[in-house]
Every structure is written in C-alpha cells, then in structure tokens.
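By convention here, the first residue in the shown sequence is residue 1.
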Amino acid sequence: MKNVLIFLIVISCTVIPAIAFAHEHAIEMQAKIKSIQQDMRKDLSEGRTEKARNALEKASGNFHAIEIELGLIQTLMQAGEYRHALSAAAHTQAEHPDEIDSTLLYAWLMAIGGQTNPTTQLIEATLARHPEDAALTLMLTQIKARQLISAEIKTSDAIQLKPFTSARIPNAKVRKHLTTGILINDEKHVITSLTTVEDTKILQVRNGLGREVNAHIEQIFPTANIAVLKLDKPLKTATKVILADKTPFPGSPIYIIGFTPATGDAADWPQLKVDILGTAPSATSGYPIHVKKAATGSGVFNQQGHLIGIVDSDNNKIMLPLDPLTDYKKSSKAPTASGKLAMDEIYENALSNAVQVLGK
C-alpha cells in the first residue's frame, strides 16, 4: 500500500507540471496565431498580398491551425485567385465540417460565384447539426431571397466576407455606392448606367480586389442609358473584357455580375447571378431579365465570358452596349480562348474587371 501511495505521488508530480506546460504552450500558440492574423489583415489592407501569403504559408508549415488555413483562403481571394480559394475552402471545410467558420467561408465563396444550389445543400446539412447558428441561418435566408449582403452576417475574427482594404483615394470626399460598372479591354474605360452617374461630378471606381482610381464621364449614350467613364490611370485586370460581336440567341445562359447597393461605401466582392436571356420586342428596347436584385450597371456575360450588355434594373432589362460603342469595341480585340468558359473562371475574371462606381 505504501509503495502504491509513493507511485501515485510521483505520477501526480509529473502530470501536473506537464498539464501546466501544455496549457502555457496552448496560450503561446494562440497568441502567435492572433499575431499572424493581425499582420495578415494589415498587409492585405495595404495591398501587400504576396507578403501576407508568404507569411501564412510559412506559418502553415510550422503548425496546423484552421485559422491559418482560413487566412490563406482569404489571401487567395484578395490576390484574385477565386478558383484556388474555392478549392482550398472546400478542402478546409471537408477537414473541419463542424467548424462554423470553415463552412461559412466556403458557402459564401460558392454563393457569390453563383453556385447557390450546392451552397444551400451545404448550409442545410450543417444546420441539421448546428441548428442554433445565426450566421448560417441568415446566409441561407439571403440566398433564397437572391440578395447576399455580407455586412449583415456576423462572423468571428477568423474570417471576413469581403476584401480587407483600407485603401481610399487621398482627400476623397464622403461618397456612396452609385452603381456597378465593367472595365473594358484598354483598362482605362468603364461602361456603366447613365442615370446613376450623370449628375455626379466626383467619381471613383473600385474593383473587387479593393483597388481604386478617380474617374470622370467621357461620353454618354442617352438612348441606350449608357455612360462611359474615363479613368485617371489604368486599372490593371487579370483578363481583358471583350465586347461580344453579337447578341446570344434568346434562351442562352447568361451571367450577371455586379455589386449589391447594400454594400454602401465598403469594399466588397462582386456577385454572379445565373439567368437565361429573354426575347426582346425590338433590337433597341433591351432584353428582359428574370433574376431578382440584379444591380444596375451589372455586366452581362455570355458563356465565352464576353460582355453582351449591362443591366438597367429600373426597367428590369439588359441594355446592349454593342451598337453605340463602336469606337470602344475597337479596343476590345485582345486574343481570347475559344469555346465556353467555366462559371468559376468567368467569376474569377470579374474580380478585377467588375467595379463599384462611387460618388459624392
């Protein structure tokens, strides 16, 4: 009995310090993770995407933490690599199916890229296990309403459902989201809705990666309700926007890409909505759209990823910029891959060529 008592005392003296050490180690690791997250946010906000990426990749090699994986996914998005981010998010969610952050971020990326059916299935399966989660419940409600608003969804500090950016043009006045536009091939002009910008003299545009530049109205086409903005300096794009040579036939799949007005002045990622091109009563009256909440000025793309028109949401139709924009079509003849593009590739291109138009 005495030997047993001595043994228990020895074990206790060994285990208690080990537990204390493990606790201290866990606290130290969490502090490191938090520091890495803070550095990532700062770097992404100030445009140092590669620095953030390198630091996160190095950290992922040193220790395994879901916060680092989520940080890498968000960094890939900010770098414009939507398909890579989507693949990484799918992997992380599969590894951590009951971590709400991993499901929330993966679901958000699928939803803004137009993949609402698999998103709905993923959220419903997760809510069956976690019915009390308010963020997933709200996202599901938004998807069913066809109106995704990131600002309304509360997340943890590990993720953010929009770009990290504090970038603002120096001395910019108080401004608001006016409309969406599409940056065309020469990287100096944006096609947008005339009625939303015609009375505004102070304009800026910002793409889905958070990059901003001043702009002004260069030319207007009142009968088509189209304005062409000239940028003060080029805004680089990953892939050039080609103006389509002809309108697709009615019944063709189309992709509508723009920014929700609910974003306000905040940076955001664009959203893609899938639709079918309707039949126009005449060549000049516009083509009807069927999806709800399509933002004015949104670009409308065919299956080759070519721009066929922009949305005039007041009249619930697509106005075709091809006829009046003859001169601008000449600058949109960059080589392009033949055949159809995958929907996620069309969305990835839009991260840099879809823009918010901001004004006073």
What about the rings of Tyr255 and Phe301, do their centers lie closer together than 6.0 Å?
-> no
Sub-4.5 Å side-chain heavy-atom contact between Asn353 and Asn207 = no
Using a strict 4.0 Å threshold on nitrogen-to-oxygen distance, state whether Lys34 and Glu67 make a salt bridge.
-> no
Under 4.5 Å between any side-chain heavy atoms of Ile289 and Ile256, yes or no?
-> yes
Would a hydrophobic clustering, with Ile, Leu, Val, Met, Phe, Trp and Tyr connected at side-chain separations under 4.5 Å, put Leu76 with Ile159?
-> no
Are any non-hydrogen side-chain atoms of Leu272 and Ile112 less than 4.5 angstrom apart?
-> no
Do Ile182 and Thr192 come within less than 4.5 Å of each other through their side chains, counting heavy atoms only?
-> no
Does Glu81 pair with Arg53 as a salt bridge, N-O distance under 4.0 Å?
-> yes
Scanning both residues in full, the closest heavy-atom pair of Leu243 with Ile191 reads CD2-CD1, 4.1 Å
Heavy-atom nearest pair, Asp268 first then Ser150, reads OD1-OG, 3.8 Å
Is Ile153 reachable from Ile149 through a run of hydrophobic residues whose side-chain heavy atoms are each under 4.5 Å from the next?
-> no
Gln93-Ser102 side chain donor-acceptor pair, cut-off 3.5 Å = no
Ile276, Met343: one ILVMFWY side-chain cluster at the under-4.5 Å cut-off?
-> no
Smallest heavy-atom separation, Asn302 atom then Ala244 atom, equals ND2-CB, 4.0 Å
For Val357 and Gly181, work out which heavy atoms get closest and say how close.
-> CG2-N, 4.1 Å
Pick out which of Leu231, Val190, Thr179 makes a side chain to side chain contact (heavy atoms under 4.5 Å, CB included) with Val355.
-> Val190
Thr126 side chain reached by Leu122 side chain, heavy atoms, under 4.5 Å = yes
Between Thr180 and Gln356, is any pair of side-chain heavy atoms under 4.5 Å apart?
-> no
Side chains of Thr237 and Glu187: is there a donor and an acceptor less than 3.5 Å apart?
-> yes
Are Val205 and Leu358 in one and the same hydrophobic cluster, where Ile, Leu, Val, Met, Phe, Trp and Tyr link if side-chain heavy atoms are under 4.5 Å apart?
-> no
Heavy-atom pair of closest approach, residues Pro270 and Phe259 | N-CE2, 3.4 Å
Shared hydrophobic cluster, Tyr347 / Leu86 (ILVMFWY, side-chain heavy atoms < 4.5 Å) | yes
